[in-house]
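Naming convention: chains lettered A, B, ... in sequence-line order (proteins, then strands); numbering from 1 in each chain. Predicted model, so just to flag it, every value in this text is computed and none were measured. All values below come from the heavy atoms of this structure, side chains included, with hydrogens, waters and symmetry mates left out.
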Amino acid sequence: MYTYEATKRDIVEAIRRAAGADADLVLSVPPSGVVADLALPCFPLASRLHKSPHEVASSLAGAVHIGPRVDSVRADGGYLNFTLARAPFASSVMSDLAQWKDRYGSHDVGAGRAVVIDYSSPNIAKPMSVGHLRSTIIGAALHRLYASLGYTPVGINHIADWGTQFGKLLYAFTAWVDRQAYAEAPLRELLRLYVKFDQEAQRDPTLDERGREWSLKLERGDPQARALWQEFVRLSMSEFTKTYDLLDVRFEHVLGESFYADKVDAVINEAIRRGVAVEDQGALIVRLDDVGLSTPLILRRSDGATLYHTRDLAAAIYRLKTWNPAQLIYVVGADQRLHFRQLFATLRKLGYDGVFVHVDFGLITLPEGRMSTRKGRVVFLEDVLEEAMLRARRLVDEKNPELSADERADVARIIGIGAVKYVDLSQNRVKNIVFDWDRMLSLEGDSAPYLQYTYVRARSILRKSGDAVPEGVFDPRAAASAPEWGLITLLARFPEIVLEAAQTYHPHLVATFLLSLAQAFHGFYHEVPVLQAEDAPLRQSRLQLVGGVATVMRGGLDLLGIRVPERM
RNA sequence: GCGCCCGUAGCUUAAUGGACAAAGCGCUGGGCUUCGAACCCAGUGAGUGGGGGUUCGACUCCCUCCGGGCGCGCCA
């Protein structure tokens, strides 16, 4: 057990014994103005004991038997404030770090169980837009977070490669393709065709009929339709792969909707057999009024075709049966809330039990409104990433011209991509984001480069000291000053931040924490000499602190999928 | 019309129902002959969209109004 967790557990135990009651004893971190390290608000306890909060706090202050890591207990109004014993606490934290090294902050609560995480899921035959960024980045971060909790994450890219829009595209392709443009930039040409179809269909409604015919051909395995569709998939995936490589995002499985095309019949039959699905106006639907959803889930259209709901249901059942996961997680935009409520409710009606989670997030919109590929109002992800690396490169060239061109390119990539990811991961998911180049590509202040710079500075000190973090007893004098003690308590808190971020599906908690750590480290850096410390033991212990910051910063950023350079 | 989400300094965002709401950007002033100035320090600036309520305590929970977004059976 990590030091911080053990310390809090001991304190809560001591209070419980002294109070002889256990209302909700939740320790909190006191605000900056209060000189204490942990606090217990005594209000709930007071109402249970029918005394005033101050009375409770005062009597507890005298009665609590404090353990070795606590130095003193004091009543402050209705709060019971604890001051930690710096020497033993600090040396215990530093020994955690020395013991766990790069794994510091990880847990084993997952016990090897699978967690299926569905993220990214772009559309075949369309270039990825910035709209795909959030799912991809948040999903990849959750993947890493759950891995660090000891789960076996199963990342799935649920490619949208099936459905009626492919009928339209197939018709458009056979009618209007510009071969040369297709050879040069296949996805942009396919997008043009898709848009053209939509425009033409408004003038000529018979085109929709053509689209349906091609859609049917595809479903029935018509060789021409099938071959073209496969080509679209292949070309799209090769573009996507480049983007994923750039983003350093991986999946255990890439399984498009088409993978479930031959699995929907069994699901439909099961739903009918269990009386969950009923015929209505020619369609097959699942009524969900009894769980508060007035809109039913449609499993089969009146013309016999299935929908993405059906394939999603088949996919969910496939995942449950294949991996028996502790959780089924979907990282998909908030506009699909209803869809997932319907999906989860239907799963339960079919007798499937489990933890089903829709990790939703707000939309990315443009200043002029919602993005629309059809209207050509869209920002492509590729362009954003290129621009990010370009801006980072200019900055690296300016700040560090002495680095080799190769290293500058490498650093620019780490910083540029990191900056884009950080924007998404540093704020709560639920809010909509209005796309703004300067904001998306910010390289200063509360940004990835600021955190990366923290690591670079720490590493720079360590390199000058001979690289390896020295071992040995932690000198209590290195926990004496405010900047030093601040760093120690932050380092101590990292493991519980990781746990909470994963369990609440909120990667931004890690980002917020790392920002505090970075600010604390830069303050420490300016105030406390490390290499020039007065004597060897002090220097060695401060080097351990610097090493701890480097480890946690790199590890924390790694959980967010953000890499660190050694120099920048 | 019904349902869900969002509204915090000029801007972008933080804040397990708990102590005087915290950062970044911006603006003003200061700091490189000590470990990297992509940095640091100080100042400036909101009482959390409005109004009720619950609570010892509300940015956080409930109601209502306003503003914005999303969704609402045969698209994905």
Between CD of A:Gln336 and P of B:rC70 the distance, given in whole Å, is 14 Å
In Watson-Crick or G-U wobble terms, with both distances under 3.5 Å, the base opposite B:rC27 is B:rG43
Judged by whether its glycosidic angle lies within 90° of 0, B:rG47 is syn
By the Watson-Crick or G-U definition, both distances under 3.5 Å, B:rU55 is matched with none
Among the nucleotides B:rA23, B:rU16, B:rA19, whichever has the atom closest to the side chain of A:Gln519 is B:rA23
Query raised in the report: Any luck finding a side-chain donor-acceptor pair between A:Arg210 and A:Tyr171 under 3.5 Å?
Result: no
Under 3.5 Å, is there a donor-acceptor pair between the A:Ser481 and A:Glu484 side chains? yes
Looking only at B:rC6, B:rG26, B:rG69, the nucleotide nearest the A:Glu444 side chain is B:rG26
Of B:rA38, B:rU34, B:rA14, the nucleotide closest to the side chain of A:His508 is B:rA14
| query | B:rA15 and B:rA46: how far apart are their C1' atoms, nearest whole angstrom? | reply | 14 Å
Quiz item: Considering only the P atoms, how many Å lie between B:rA9 and B:rG47, rounded to the nearest integer?
Solution: 8 Å
_If you compare every side-chain N and O of A:His132 against the phosphate oxygens of B:rA76 (OP1, OP2), does one of them come in below 4.0 Å?_
no
Paired to B:rG17 by Watson-Crick or G-U wobble criteria (both distances under 3.5 Å) is none
- Message: With a 4.0 Å cutoff (strictly under), does any side-chain N or O of A:Lys431 reach OP1 or OP2 of B:rC6?
- Response: no
Separation of B:rC75 atom C1' from A:Asp161 atom CG, nearest Å, is 15 Å
By nearest-nucleotide position on RNA chain B, the 5'-leaning member of A:Ala283 and A:Thr512 is A:Thr512
- Message: So, does A:Arg457 get its side chain near the phosphate of B:rA37, meaning an N or O under 4.0 Å from OP1 or OP2?
- Response: yes
If pairing means Watson-Crick or G-U wobble with both distances under 3.5 Å, then the partner of B:rA37 is none
- Message: Can you tell me if A:Ser47 touches the phosphate of B:rC56, counting only side-chain N or O atoms and a distance under 4.0 Å to OP1 or OP2?
- Response: no
Sorted by chain and number, sequence neighbours left out, side chain to side chain donor-acceptor pair (under 3.5 Å) with A:Asp535 holds for A:Arg477
Considering only heavy side-chain atoms of A:Tyr525, the closest of B:rG36, B:rA38, B:rC39 is B:rG36
Comparing nearest nucleotides in RNA chain B, the 5'-proximal residue of the pair A:Arg337, A:His522 is A:Arg337
The nucleotide from B:rU12, B:rA38, B:rG71 with an atom nearest the side chain of A:Arg370 is B:rG71
**Prompt:** Can you check whether A:Arg439 has a side-chain N or O nearer than 4.0 Å to OP1 or OP2 of B:rU13?
**Reply:** yes
In whole Å, what separates the C1' atom of B:rC40 from that of B:rU34?
14 Å
Next on the checklist: Tell me if the side-chain of A:Asn81 makes a donor-acceptor pair with the base of B:rA19, cut-off 3.5 Å, by modelled atom types.
Outcome noted: yes
note: A:Leu338, atom CG; B:rC5, atom P; distance rounded to Å ~ 13 Å
Sequence neighbours excluded, the answer for side-chain contact (heavy atoms from CB on, under 4.5 Å) partners of A:Ile285 is A:Val278, A:Asp280, A:Ala283, A:Arg287, A:Pro296, A:Ile298
Point to revise | Quiz item: A:Tyr453 side-chain donor-acceptor pair to B:rA38 base, under 3.5 Å | key: no
Distance below 4.0 Å between A:Arg48 side-chain N/O and B:rC56 OP1 or OP2: no
> When you compare B:rG10 with B:rC63, how far apart are their P atoms, in angstrom units rounded to a whole number?
Replying inline: 30 Å
Atom OH of A:Tyr422 and atom P of B:rA23 are separated, to the nearest Å, by 14 Å
From the candidates B:rG36, B:rA76, B:rA19, the one with an atom nearest any side-chain atom of A:Arg567 is B:rG36
note: A:Phe43, atom CZ; B:rU54, atom C1'; distance rounded to Å ~ 18 Å
Whole-Å distance, A:Leu27 CG to B:rA19 P, equals 15 Å
Using Watson-Crick geometry (N1-N3 plus N6-O4 or O6-N4) or G-U wobble (N1-O2, O6-N3), each under 3.5 Å, B:rC72 is paired with B:rG1
When all nucleic acid strands are considered with a 4.0 Å heavy-atom cut-off, which category describes A:Thr164: base, sugar-phosphate, or nothing? sugar-phosphate
Between B:rA23 and B:rU64, how many Å separate the two C1' atoms, rounded to a whole number? 33 Å
*asked:* Under 6.0 Å between ring centres: does that hold for A:His158 and A:Tyr330?
replied: no
Measure the acute angle between the ring planes of A:Tyr2 and A:His107, then classify it against the limits of 30° and 60° as parallel, tilted or perpendicular. perpendicular
Closest of B:rG31, B:rG26, B:rA76 to the A:His526 side chain is B:rG31
Atom CG of A:Asp436 and atom P of B:rG26 are separated, to the nearest Å, by 14 Å
Can you tell me if the side-chain N/O atoms of A:Lys464 get under 4.0 Å from OP1 or OP2 in B:rG36? yes
Ranking B:rA19, B:rC56, B:rG36 by distance to the side chain of A:Ala39, first place goes to B:rA19
Among B:rG36, B:rU13, B:rA76, the one nearest any side-chain atom of A:Arg311 is B:rA76
Over 60° means perpendicular and under 30° means parallel, so tell me whether A:Trp437 and A:Phe435 are parallel, tilted or perpendicular.
perpendicular
The nucleotide from B:rA15, B:rA76, B:rU16 with an atom nearest the side chain of A:Ser28 is B:rU16
Tightest non-hydrogen contact, residues A:Glu279 and A:Leu284, listed as N-CD1, 4.0 Å
Closest heavy-atom pair, A:Pro30 versus A:Asp37, reported as atoms and distance to 0.1 Å, is CD-O, 3.4 Å
A:His339 atom NE2 is separated from B:rG3 atom P, nearest whole Å, by 23 Å
